[in-house]
Visitor: 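My structure is below; once you've seen it, I'll send some questions.
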Amino acid sequence: KLCQTAMLAVDTSQSVPVEIGIAHMWIHPAYRRRGLMQQGLDYIRATWDYVRVIGVEVVSFSTLRVDGYCFASRYVADRQGTSVHIYQSP
């Protein structure tokens with residue numbers, strides 16, 4: 001089931017500082033819809049810094065396909081209500 005977002009508009013007018021960049025994450029189709037990607041990102045955020053858990057508002061994703069953007073937008077919105085940050089090379 002695809003999310004409701006068929007088109008993705010990316011706002012490039014402002015730069016946002018981030019602390020973690022997710023370039024690629026892939027789950028085998030047989031293991032999707034089990035929360036593995038979410039658990040993986042939660043683990044990365046929890047262990048990246050020894051002192052604190054990194055917030056989703058400072059996580060950036062590389063270019064995403066529709067399903068990846070749908071996941072990222074749900075992941076970010078469920079925790080902070082912030083927008084998904086897309087990494088773009090300078």
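Quick note: residue numbers are just sequence positions, from 1.
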Visitor: Run the side-chain hydrogen bond (donor to acceptor under 3.5 Å, both in side chains) test against R34 and tell me which residues pass, sequence neighbours left out.
Guide: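 Listed in chain order: nothing, the list is empty.
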
Visitor: Which heavy-atom pair separates Y75 from V56 by the least distance, and what is that distance?
Guide: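 Closest heavy-atom pair between Y75 and V56: CE2-CG1, 3.6 Å.
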
Visitor: Under 3.5 Å, which donor-acceptor pairs link side chains of residues 16-29 to any protein atom two or more places apart or in another chain?
Guide:
from	atom 1	to	atom 2	distance (Å)
E19	OE1	R52	NH2	2.6
E19	OE2	R52	NH2	3.3
H28	ND1	A30	N	3.0

Visitor: Are M37 and Y31 connected, step by step, through hydrophobic side chains (Ile, Leu, Val, Met, Phe, Trp, Tyr) whose heavy atoms are closer than 4.5 Å?
Guide: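 In one cluster: yes.
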
Visitor: Quick one: do W48 and V59 end up in the same hydrophobic cluster if we chain Ile, Leu, Val, Met, Phe, Trp and Tyr together by side-chain heavy atoms under 4.5 Å apart?
Guide: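 Yes, it is one cluster - the side chains of W48 and V59 are joined through contacts under 4.5 Å.
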
Visitor: I want to check something: taking the side chain as every heavy atom from C-beta on, are F61 and L41 in contact at a cut-off of under 4.5 Å?
Guide: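 They are in contact (side-chain heavy atoms under 4.5 Å apart), so the answer is yes.
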
Visitor: Rounded to the nearest 0.5 Å, how far does CG of D42 lie from CD1 of I54?
Guide: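 Answer for the CD1-CG pair, I54 versus D42, is 13.0 Å.
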
Visitor: With sequence neighbours left out, which residue pairs that include part of residues 21-32 fulfil the salt bridge (charged side-chain N to carboxylate O under 4.0 Å, His left out) condition?
Guide: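 Checked against salt bridge (charged side-chain N to carboxylate O under 4.0 Å, His left out) - neighbours excluded - no pair reaches residues 21-32.
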
